[in-house]
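For clarity, every value in this text was computed on a predicted model and none was experimentally measured. When a ligand or atom number is given, it counts from 1 through the structure's own listing order. Just the heavy atoms: all of them, side chains too, but no hydrogens, waters or symmetry mates, feed the values below.
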Amino acid sequence: MTDHPPQTMGQQFGRRSWAEPWKIKMVEPLTVISREGRRKALIDAGYNTFLLRSEDVYIDLLTDSGTSAMSDRQWAGMMLGDEAYAGSRNFYHLENAIQTYYGYRHIVPTHQGRGAEHLLSRVAIEPGQWVAGNMYFTTTRLHQELAGATFVDVIIDEAHDPTNLHPFKGDVNLVKLEALIQRVGAEKVAYVSLAGTVNMAGGQPVSMANVKALRELCDRYGIKIYLDCTRMVENALFIQEREEGYASRSIAEILREFCGYTDGGWISAKKDSLVNIGGWLAVNDWTLFEELRNQVVIFEGLHTYGGLAGRDMEAMAIGIVESVQDDHVRSRVGQVRYLGELLTDWGIPIVQPVGGHAIFLDARRFYAHLPQDRFPAQTLAAELYLDSGIRSMERGIVSAGRDAKTGDHYYPKLELTRLTIPRRVYTQAHMDVTAEAVKAVFDAREQARGLKMVYEPKYLRFFQARFEPL
Ligand SMILES: Cc1ncc(COP(=O)(O)O)c(C=O)c1O
């Protein structure tokens with residue numbers, strides 16, 4: 001007998017343990033290659049984690065996009081694929097799931113999120129117009145710019161401060177938005193591009209009060225709101241937890257109410273909807289839908305498959321239903337929070353409050369000695385891989401790209417390295433291993449020298465840029 005009874009993992013950290021609401025039916029073995037092997041892999045990849053081979057990665061936290069584990073029901077649904085070119089049964093299942101849970105009327109499937117962004121930008125933007133958004137997302141903004149719009153960030157200032165504890169850092173600053181409308185004229189604002197949660201801000205949510213007020217403002221000026229629904233289910237959990245009046249409302253009810261304040265939405269279903277590929281675009285206005293339905297046949301495929309196989313649409317329809325279950329969302333966001341609490345307890349600088357899909361290490365404070373043009377967040381992703389084989393990604397100056405007009409780097413206030421947690425894939429023990437690896441890199445932080453960019457592609461440079469150590 002010892003004086004201290006054995007403690008569970010949760011008790012050791014002064015909290016109550018939780019468990020995933022699923023059990024594992026099939027496993028995929030993981031291996032970790034040697035440190036020398038990792039060094040070589042990193043050099044071959046030009047110090048860009050997007051260019052690593054996944055077989056050289058141990059715990060893969062590059063993205064939560066298309067990396068979720070599908071359920072037994074989704075896999076069973078794959079066998080029910082109706083691979084008809086037109087009018088597949090699976091399309092109608094998908095349409096029904098979107099109408100039921102997101103509430104939009106007319107649906108266009110796309111192969112993934114950026115396919116939907118492309119179509120919406122082509123149809124809803126006239127060259128010379130403006131698009132206002134709560135921060136930006138890389139592919140979203142690029143499609144808006146390629147369609148001839150100028151993007152303006154109208155998120156609240158708190159979102160740009162990684163230490164600010166505002167509960168809804170994804171909110172739109174209505175004063176900033178109204179100032180833009182008055183400056184350029186309402187007819188020059190193509191639409192408001194609203195995202196819940198805001199990926200680049202650290203997975204931060206938008207409040208119901210904010211979207212309601214945004215609706216009122218936009219109605220006054222006759223401006224449409226289109227919602228990036230990619231992580232709206234996670235956004236709904238934050239509303240349930242933090243906003244008065246929503247504690248006893250289900251995730252599904254909150255999601256539907258939120259979408260009801262917008263004119264349409266699109267999604268990368270590879271996130272919330274628990275599939276490895278897929279997306280859609282949905283609007284309430286028939287005329288707009290007709291145009292989108294016409295465009296989708298040019299770029300994606302017929303309007304009842306949009307670049308997807310019937311089986312993919314079936315898995316997505318089932319995934320949507322699974323994604324809005326309260327216990328699923330709590331466990332998904334709970335796992336992210338667990339990792340965040342460990343890192344916070346150890347004094348490691350991360351974006352606070354912890355968001356829905358990822359932990360964002362604050363590379364500015366992590367490597368306080370590195371200026372932004374030495375790519376601190378990219379350096380951190382490289383060092384973490386070298387230490388442990390864990391793959392993360394840069395969300396800072398490299399992701400922000402260059403100003404199309406001046407050619408200069410954008411210098412975003414947030415210089416972050418993202419540890420993105422796939423849904424239903426890793427266990428709590430993987431989170432412990434990850435936290436320990438980050439701690440080891442943090443302890444060795446003074447030795448980091450930074451990187452220089454030696455190859456820069458024209459668009460979305462973070463995917464393919466190459467670096468060398470300084
Ligand atoms: C918020 C958000 N919107 C849109 C996209 C683009 O979706 P996709 O990668 O499916 O093209 C992503 C992908 O990461 C995203 O996070």
Side-chain angles (χ1 to χ4, degrees), residues 49-50 60-68 102 108-121 131 133-146 151 153 155 159 169-170 172 191-206 226-236 238 258-259 262 264-282 296 299-300 306-308 312-313 315-316 319-320 323 332 336 355-358 360 391-395 398-401 414 416 418-423 459-460 462-464:
T49 51
F50 276 101
D60 202 347
L61 306 183
L62 182 73
T63 175
D64 62 333
S65 183
T67 53
S68 299
Y102 291 85
V108 177
T110 59
H111 79 284
Q112 61 180 75
R114 70 199 72 180
E117 290 167 347
H118 174 215
L119 299 181
L120 183 66
S121 303
V131 171
N134 52 345
M135 205 165 262
Y136 77 101
F137 185 70
T138 52
T139 56
T140 319
R141 184 179 68 188
L142 180 58
H143 279 296
Q144 290 159 351
E145 288 174 348
L146 289 173
F151 180 84
D153 176 10
I155 203 165
K169 281 166 100 173
V172 171
Y191 56 89
V192 172
S193 179
L194 184 70
T197 57
V198 183
N199 190 351
M200 303 298 282
Q204 304 295 330
V206 181
Y226 296 116
L227 177 64
D228 184 341
C229 300
T230 297
R231 297 186 185 82
M232 253 320 293
V233 165
E234 291 166 12
N235 198 105
F238 290 110
F258 195 104
C259 295
T262 67
W266 77 93
I267 196 170
S268 168
K270 301 166 73 174
K271 283 81 164 178
D272 267 358
S273 307
L274 300 161
V275 286
N276 304 122
I277 194 73
W280 49 258
L281 173 58
V296 75
F299 296 104
E300 303 275 313
L308 296 167
D312 297 326
M313 292 190 282
M316 208 192 313
I320 289 173
S323 75
R332 188 279 182 284
V336 176
H357 65 301
F360 289 74
R391 171 153 69 170
S392 56
M393 80 145 92
E394 196 263 9
R395 278 297 180 222
V398 184
S399 294
L414 297 177
L416 310 173
R418 191 178 80 177
L419 303 165
T420 338
I421 315 300
R423 295 163 187 79
Y459 298 114
L460 302 174
F462 58 95
F463 283 130
Q464 290 149 345

Would a distance-only check, ignoring hydrogens and angles, find a side-chain to backbone donor-acceptor pair under 3.5 Å from Arg141 to Ala400?
yes
Taking only distance into account, with no hydrogens and no angle test, what donor-acceptor pairs under 3.5 Å do side-chain atoms of residues 227-236 form with protein atoms, sequence neighbours excluded?
| unit_1 | atom_1 | unit_2 | atom_2 | d |
| --- | --- | --- | --- | --- |
| Asp228 | OD1 | Thr230 | N | 3.0 |
| Asp228 | OD1 | Thr230 | OG1 | 2.5 |
| Thr230 | OG1 | Ser268 | N | 3.1 |
| Arg231 | NE | Asp64 | OD2 | 3.0 |
| Arg231 | NH2 | Asp64 | OD1 | 2.8 |
| Arg231 | NH2 | Asp64 | OD2 | 3.4 |
| Glu234 | OE2 | Arg332 | NE | 2.6 |
| Glu234 | OE2 | Arg423 | NE | 3.3 |
| Glu234 | OE2 | Arg423 | NH2 | 2.9 |
| Asn235 | OD1 | Val206 | N | 2.8 |
| Asn235 | ND2 | Val206 | O | 2.9 |

Under 3.5 Å, is there a donor-acceptor pair between the His111 and Asp312 side chains?
no
Look up atom OG1 in Thr139 and atom OH in Tyr459, then write down how far apart they are to the nearest 0.5 Å.
14.5 Å
Between Asn199 and Arg395, do the side chains contain an N or O donor and an N or O acceptor separated by less than 3.5 Å?
no
Residue shell around ligand 1, heavy atom under 4.0 angstrom:
Gln112, Gly113, Arg114, Glu117, Phe137, Thr139, Asn199, Asp228, Thr230, Arg231, Ser268, Lys270, Lys271
Rounded to the nearest 0.5 Å, what separation is found between the OG1 atom of Thr110 and the CH2 atom of Trp266?
11.5 Å
